[in-house]
There are 2 protein chains.
Amino acid sequence: MKAPILETYGREAAAFKALGHPTRLFIAHQLGRRDTCVCELRDMVGDDISTVSRHLSVLRSAGIVDSVRKGNQIIYSLKLRCVLNIRVCGNFGGRK
Amino acid sequence: MKAPILETYGREAAAFKALGHPTRLFIAHQLGRRDTCVCELRDMVGDDISTVSRHLSVLRSAGIVDSVRKGNQIIYSLKLRCVLNIRVCGNFGGRK
DNA sequence: CATCTATTTGGCGATTTGGCAAAATAGCAA
DNA sequence: TTGCTATTTTGCCAAATCGCCAAATAGATG
């Protein structure tokens, strides 16, 4: 790949890549409703908590979510709020 | 992953996933400017033509691009035009 | 200190991805 | 038919991803 392409599209492509998994896309939208701990997301998602934690770290390194420790749990929040407004045209999704 | 999450977010996540590679994101935007053949994209991208062809097949199976044969070459076009309007907030990209 | 809870990290197999080169395919033209 | 060009497919390999379990870590609390 030529360097200018990577420079121009690399970061945004990385954000798309992070959102390119159903669980992570769900998590991003859920965090758009309210901040939650990992444990709560695990209940909603149904995967092992270590798997959910990994998804969150992917989202965080892409700059999409943020986290703050509160007591003995870690609260995640949606940092890139615009994610909520992104809709792919066509019959994607099915959310209201 | 729980089934409802896959049903609700699966298709859109697949579109994000397809766009989650710098070369594919570039190709999508380039096709937004004008329809081109694979050979032309290969010159712009710099990868092997088989690699570019694969990227295009990924974009096509995600429903993002379309293709039409014209003579002995295949012309690709952007099917999901809204892709051009998707911008991730923050300092992503760098396009105008 | 020890212990409990919440979360992250390491390691593992199974699967997928990205890239190239070579072979196969499709159409055009002689 | 043969040959030529454009594109796709196949084979291969290294690297990344996904999901789980187990171990490690960080704060809380006793």
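Per chain, numbering begins at 1; letters A, B, ... match sequence-line order.
When heavy atoms are screened at a 4.0 angstrom cut-off, Arg24(B) is found touching the sugar-phosphate backbone but no base atom.
Leu6(B) and Pro22(A) make their closest contact through CD1-CG, 3.8 Å (heavy atoms, listed as atom of the first residue, atom of the second, distance). Across Arg24(B) and Lys17(B), no two heavy atoms sit closer than the pair NH2-O, 3.6 Å.
The salt bridge (charged side-chain N to carboxylate O under 4.0 Å, His left out) test applied to Arg34(A) returns Glu40(A), not counting sequence neighbours.
Taking 4.5 Å as the limit, every side-chain heavy atom of Leu41(B) sits out of range of all side-chain heavy atoms of Ile49(B).
Rounded to an integer number of Å, the gap from CD1 of Ile74(B) to P of dT25(C) is 15 Å. Atom CZ of Arg42(A) and atom C1' of dT5(C) are 11 Å apart (whole Å). Leu56(B) has its CG atom 13 Å from the P atom of dG19(C), to the nearest Å. The distance from atom CD1 of Ile75(A) to atom P of dA6(C) is 12 Å, rounded to the nearest whole Å. Between the CG atom of Asp35(A) and the P atom of dA6(C) there is a distance of 18 Å, rounded to whole Å. Rounded to whole Å, atom P of dT9(D) lies 15 Å from atom NE2 of His55(B). In this structure, CG of Leu6(A) is placed 14 Å from P of dG18(C), rounded to the nearest angstrom. Whole-Å rounding puts the Asp43(A) CG to dA6(C) P distance at 11 Å.
For the pair Tyr76(B) and dA6(D), the criterion of a side-chain N or O lying under 4.0 Å from OP1 or OP2 is not met. The shortest distance between the side-chain N/O atoms of His21(A) and the OP1/OP2 oxygens of dT16(C) is not below 4.0 Å.
Taking the six-membered ring where tryptophan is involved, the planes of Phe26(B) and Tyr9(A) are perpendicular, since the angle between them exceeds 60° and thus also 30°. By the 30° and 60° cut-offs, the orientation of the rings of Phe16(B) relative to Phe16(A) is parallel.
A side chain to side chain contact (heavy atoms under 4.5 Å, CB included) with Thr36(B) is found for one member of Ile75(B), Ile27(B), Leu31(B) and no other, namely Leu31(B).
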- Task: Treat primed atoms plus P, OP1 and OP2 as sugar-phosphate and everything else as base, then score nucleotides 20-30 of chain D 5' to 3': B for base contact with protein heavy atoms under 4.0 Å, S for sugar-phosphate contact only, - for none.
- Result: BBB----SS--
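DNA chain C is contacted by both Lys17(A) and Cys39(A); Cys39(A) maps to the nucleotide lying nearer its 5′ end (nearest heavy atom per residue).
The partner of dC13(D) is dG18(C), judged by Watson-Crick or G-U wobble contacts that both fall below 3.5 Å. Remark: dT3(C) base-pairs with no nucleotide; criterion is Watson-Crick or G-U wobble with both hydrogen-bond distances under 3.5 Å.
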